[in-house]
Amino acid sequence: MRVEVSPAIEPEELTAGAEVVLAGWVDSRREHGGALIFIDLRDREGITQLVFDLEDCPREVVDAAERLRGEDVIAVTGAVRMRDGGPNPRLQTGEVELVVRKLTVLNKAQTPPFHPTDKDSVPNEELRLKHRYLDLRRPRMQEILRTRHKVLQTARRYFDENGFLEVETPVLYKSTPEGAREFILPSRLQPGMWYALPQSPQLFKQILMVAGCDRYMQICRCFRDEDPRADRQAEFSQIDLEMSFVEREDVMAMMEGFVRRLWKDVMHIDVPPLQRMTYQEAMDRFGIDRPDTRYALEIADVSDLARRTEFGVFQSALAKKGGVVRVIRVPGGADKLTRKITDGYQEFVKTFGAGGAPMVKVTPAGFETGIAKFLEPIRAELTQRLSLQPGDVLLFGADAYPVAVKALGELRQKVARDMGLVPEWGKAWNFLWVVDFPMFARDEESRRWVAMHHPFTAPRADQQKAFVDADPSNENVIGAMVSAGYDIVLNGSEIAGGSVRIHDPAVQSKVFSLLGLSPEQAQEKFSFLLEALKFGAPPHAGIAFGLDRLIMHLCGTENIRDVIAFPKTQIGSDLMTGAPGAVTPEQLKDLHVAAAVRPA
RNA sequence: GGGGCGGUAGCUCAAUUGGUUAGAGUACCGGACUGUCGAUCCGGUGGUUGCGGGUUCGAGUCCCGUCCGCCUCGCCA
């Protein structure tokens, strides 16, 4: 049987009398004595009301309609007519109904564990993931799938228009144990050897530049075997890009254009030119390298004043190497932040390594509660410097700089939520370029340098020469080197990150050696890149967008699983397919692998 | 590896200090009903309170363990 699948009636079909064929799922049924039955027929596009009426339909059609239940799949033929009972303004097709002449039940459905269009409640996520085919029928999920499609199409169109070539890179790759933990796969043909799934196509895209591709794009899957978060999943997607013969500004302009196009096409919003902020400024003012600038609550330095107090916590913090005292002023916090809430903040900052978050309230009479008495000697100056008003709450962070700003940066976001300062979705789109990241960060445990971005990131253009000349043993000099990296931050979430790459083998060697990789080790791991760089590598730079996070923003969801058709749980299970699963001893034997643990 | 929240009917939830036969809405089944649109009305089926152990005269409730889901610290070059 041939079914014309265009179920919800299109506007041009809204003319009475048109004969159409519709197919879809039974959404709901309203029955009046068996002589008059209404069925809401649902498909991807929406809902159309079907009417089965003894006055218009053969008896057997009405009888068959009586046996229909939710999620049955049917096809119907009939005439469109204006509704007798008045329009339903809540339906797009609410003016009309289809008088069914012929009904075909394409497939009966068991009673589903939940109803895709239940308006009262969303089923438990475990159940949604187990029956994802039902979950994806929900209009909200259909909308997300559609937005995701739109983003993919817009990306392909925009980058095609700008001369980018879509190239696919391998998924079976080589283990390069820096960075995130990898998924690995045994080789059958080479006993004892292993592939790894790529954390990103970073090196391939650089090689494509050496290969003369000039401009590359790929919508690719990346794999990182780390614990998930609300916005992180082991298997995720990137819009990956690389350009030759460009500098930082060229890439930034191109990507800004993409973001603007995306928001225009998908949200119908004109994004103004992106603000810029250096890494240092972001850390100083917001305590994080991806500041949410939709609200204030900025961090201020009061180390000099704190030094003049007798408060032991301040004094011991300032005695530390790089010790600081910083503060967040919360306007109106005295009312809204109850004792219970501020007590909670003490525990909260401890998870980020801080000892606590000393607090004080500003009243017309002066400082009260918390550490008020210690602050008395500096009250006037604090009041002036921070423009304090009665009703303010001050939350302090006292520790070595990285610990203090990190704790306050996290606390700032929590306070903003508690104070109701975070605009609801769709009200604010605060895009920001963060630039001038340090090349290296000091890992205190191993007393070694680690790459802030990745080891292929070039120094900022004006620092190239200084970097080559820098004394590797001088921690101050190396620590101060600024890279040509750039991130795009949206409402406090990192949606893209990239850099100008190193195309000079000498610079690349110096980075490797600073990272503690001997020439032999570097050769072992990245020989193909080092080789390629010797054969005429153009200057190149690139970036990658976190596709899933982009979609989250565009759809207003806080959960990455909502924007992935078939996502995994916290422990990496696919509740629908049951992955991961056991394999047979024969499979292991073929792969020359012995399991050290048997599944429980 | 650590911290927190949750798991009760197919689904969404309730159940007082540990106390009678674990309830409601919805779905499902049966009946009534010719213009509904979350149809309505009447009746009914439906429970290993995630699982295992313990305390107690008595456990959905308290304790221990465990599984699953979510949030989070560490981790994510």
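Side-chain atoms are counted along with the backbone in the values below, which use heavy atoms only and exclude waters and symmetry mates. The structure presented is a predicted model; accordingly, all values stated were derived computationally and were not measured. Throughout, protein chains are lettered first and strands after them, A, B, ... in sequence-line order, and every chain is numbered starting at 1.
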Inset, instruction - Report yes if a donor N or O on one partner sits less than 3.5 Å from an acceptor N or O on the other, where the partners are the side chain of A/R232 and the base of B/C76; otherwise report no. - result: yes
Inset, instruction - Confirm from the modelled atom types if A/R229 and B/C71 form a donor-acceptor pair under 3.5 Å, side chain to base only. - result: no
Inset, instruction - Tell me which nucleotide among B/U72, B/U34, B/A77 gets nearest to the side chain of A/H454. - result: B/A77
Legend entry - Contact nearer the 5' end of RNA chain B, comparing A/H115 with A/V122: A/V122
Inset, instruction - Please check the phosphate of B/U26 (OP1 and OP2 only) for any side-chain N or O of A/S121 closer than 4.0 Å. - result: no
Legend entry - Spacing of the P atoms in B/C5 and B/G44 (rounded, Å): 41 Å
Inset, instruction - May I ask which nucleotide in the shown strands pairs with B/C28, Watson-Crick or G-U wobble, both distances under 3.5 Å? - result: B/G44
Inset, instruction - Report the distance from atom CG of A/L127 to atom P of B/C70, rounded to the nearest whole Å. - result: 13 Å
Inset, instruction - Looking at every strand, decide which applies to A/T176 at a 4.0 Å heavy-atom threshold: base, sugar-phosphate, or nothing. - result: nothing
Legend entry - P gap between B/U26 and B/C42, integer Å: 11 Å
Legend entry - Spacing between A/I39 atom CD1 and B/G35 atom P, to the nearest angstrom: 17 Å
Inset, instruction - Just call it for A/D118: base, sugar-phosphate, or nothing, with non-hydrogen atoms closer than 4.0 Å on any strand. - result: nothing
Inset, instruction - Check every atom of B/C71, B/C68, B/G35 against the side chain of A/E126 and return the nucleotide holding the closest atom. - result: B/C68
Legend entry - Span that lies between the P atom of B/U49 and that of B/G10, in whole angstrom: 12 Å
Inset, instruction - Please work out if A/F352 contacts a base, only the sugar-phosphate, or nothing of the nucleic acid, heavy-atom cut-off 4.0 Å. - result: sugar-phosphate
Legend entry - Span that lies between the C1' atom of B/G53 and that of B/U72, in whole angstrom: 30 Å
Legend entry - Gap between atoms CD and P, on A/E226 and B/A77 respectively (whole Å): 7 Å
Legend entry - Whole-Å C1' distance, B/G50 and B/C67: 7 Å
Inset, instruction - Determine the contact category for A/P113: base if any of its heavy atoms lies under 4.0 Å from a base atom, sugar-phosphate if only primed atoms, P, OP1 or OP2 are that close, otherwise nothing. - result: sugar-phosphate
Inset, instruction - Give the minimum heavy-atom separation between A/I543 and A/E242, together with the two atoms involved. - result: N-OE1, 4.3 Å
Inset, instruction - Give one of base, sugar-phosphate or nothing for A/L91, where a contact means two heavy atoms less than 4.0 Å apart. - result: nothing
Inset, instruction - Give a yes/no answer on whether the side chain of A/T111 brings an N or O atom under 4.0 Å of OP1 or OP2 in B/G10. - result: no
Inset, instruction - Evaluate the criterion ring pair (Phe, Tyr, Trp, His ring centres under 6.0 Å) for residue pair A/F512 and A/F526; output intermediate values, then yes/no. - result: CA-CA 10 Å; A/F512 283 149; A/F526 306 115; 5.3 Å; yes
Inset, instruction - Flag yes if more than 12 heavy atoms outside A/E524 fall under 6.0 Å of its CD atom; otherwise flag no. - result: no
Legend entry - Electrostatic pair A/R137-A/E71, nearest N-O below 4.0 angstrom: yes
Inset, instruction - Could you tell me whether A/R69 contacts a base, only the sugar-phosphate backbone, or nothing, with contacts defined as non-hydrogen atoms closer than 4.0 Å? - result: sugar-phosphate
Inset, instruction - Using distance alone, with no hydrogens and no angle criterion, decide if A/R30 and A/Q49 have a side-chain donor and acceptor under 3.5 Å apart. - result: yes
Legend entry - Touch class at under 4.0 angstrom, heavy-atom based, for A/E125 against every strand present: sugar-phosphate
Legend entry - Identified pairing partner of B/C57, criterion: Watson-Crick or G-U wobble below 3.5 Å: B/G19
Legend entry - OP1 or OP2 of B/C76 under 4.0 Å from side-chain N/O of A/Q199: no
Inset, instruction - Check every strand shown and say whether A/H453 touches a base, only sugar-phosphate, or nothing at a heavy-atom separation below 4.0 Å. - result: base
Inset, instruction - Respond yes when some side-chain nitrogen or oxygen of A/R30 is under 4.0 Å from OP1 or OP2 of B/U36, and no when none is. - result: no
Legend entry - N/O donor-acceptor pair, side chain A/E97 with base B/G35, under 3.5 angstrom: yes
Inset, instruction - Have a look at A/G86 and say if it touches a base, only the backbone sugar-phosphate, or nothing, with a 4.0 Å heavy-atom cut-off. - result: base
Inset, instruction - Using a heavy-atom cut-off of under 4.0 Å over every strand shown, decide if A/L575 touches base, sugar-phosphate, or nothing. - result: sugar-phosphate
Inset, instruction - Would you mind reading off the distance between A/Q233 atom CD and B/C71 atom C1', rounded to a whole angstrom? - result: 15 Å
Inset, instruction - Determine, for A/K568 against A/D574, whether the closest basic-nitrogen to carboxylate-oxygen distance falls under 4.0 angstrom. - result: no
Inset, instruction - Answer with base, sugar-phosphate or nothing: what part of the nucleic acid does A/R90 contact at a heavy-atom distance below 4.0 Å? - result: sugar-phosphate
Inset, instruction - Indicate, with a heavy-atom threshold strictly under 4.0 Å, whether A/I571 touches base, sugar-phosphate, or nothing. - result: sugar-phosphate
Inset, instruction - For B/G52 versus B/C13, give the span between their C1' atoms, rounded off to a whole number of Å. - result: 27 Å
Inset, instruction - Provide, to the nearest angstrom, the distance between the CD atom belonging to A/E66 and the C1' atom belonging to B/A32. - result: 12 Å
Inset, instruction - Mark yes or no for a side-chain to base donor-acceptor pair under 3.5 Å between A/R29 and B/C37, with no hydrogen or angle criteria applied. - result: no
Legend entry - Face-to-face stacking of A/F38 with B/U36, centres under 5.5 angstrom, angle under 30°: yes
Inset, instruction - Taking only the side-chain nitrogens and oxygens of A/R561, find out if one of them lies under 4.0 Å from OP1 or OP2 of B/C71. - result: yes
Inset, instruction - Specify the separation, in whole Å, of atom CZ of A/F526 and atom P of B/A77. - result: 13 Å
Inset, instruction - Classify the nucleic acid contact of A/E31 as base, sugar-phosphate or nothing, counting any heavy atom under 4.0 Å across all strands shown. - result: base
Inset, instruction - Count the heavy atoms belonging to other residues, nucleotides or ligands that lie under 6.0 Å from NZ of A/K174, then report whether that count exceeds 12. - result: yes
Legend entry - Gap between atoms CG and C1', on A/L41 and B/U36 respectively (whole Å): 16 Å
Legend entry - Touch class at under 4.0 angstrom, heavy-atom based, for A/A230 against every strand present: sugar-phosphate
Inset, instruction - Let me know the distance between CZ of A/F114 and P of B/C28, rounded to the nearest Å. - result: 15 Å
Legend entry - Whole-angstrom distance between B/U55 and B/U45, as gauged at atom C1': 37 Å
Inset, instruction - Apply side-chain contact (heavy atoms from CB on, under 4.5 Å) to A/H503 and list each qualifying residue two or more places apart in sequence or on a separate chain. - result: A/A537, A/P539, A/H540
Legend entry - Any N/O donor-acceptor pair, A/D227 side-chain to B/G74 base, under 3.5 Å: yes
Inset, instruction - Return the nucleotide paired to B/G6: Watson-Crick means purine N1 to pyrimidine N3 with N6-O4 or O6-N4, wobble means G-U with N1-O2 and O6-N3, both under 3.5 Å. - result: B/C68
Inset, instruction - For this output row, return yes or no: ring centroids of A/F204 and A/Y173 closer than 6.0 angstrom. - result: yes
Legend entry - Nearest-Å distance once atom P is located in both B/G6 and B/G47: 27 Å
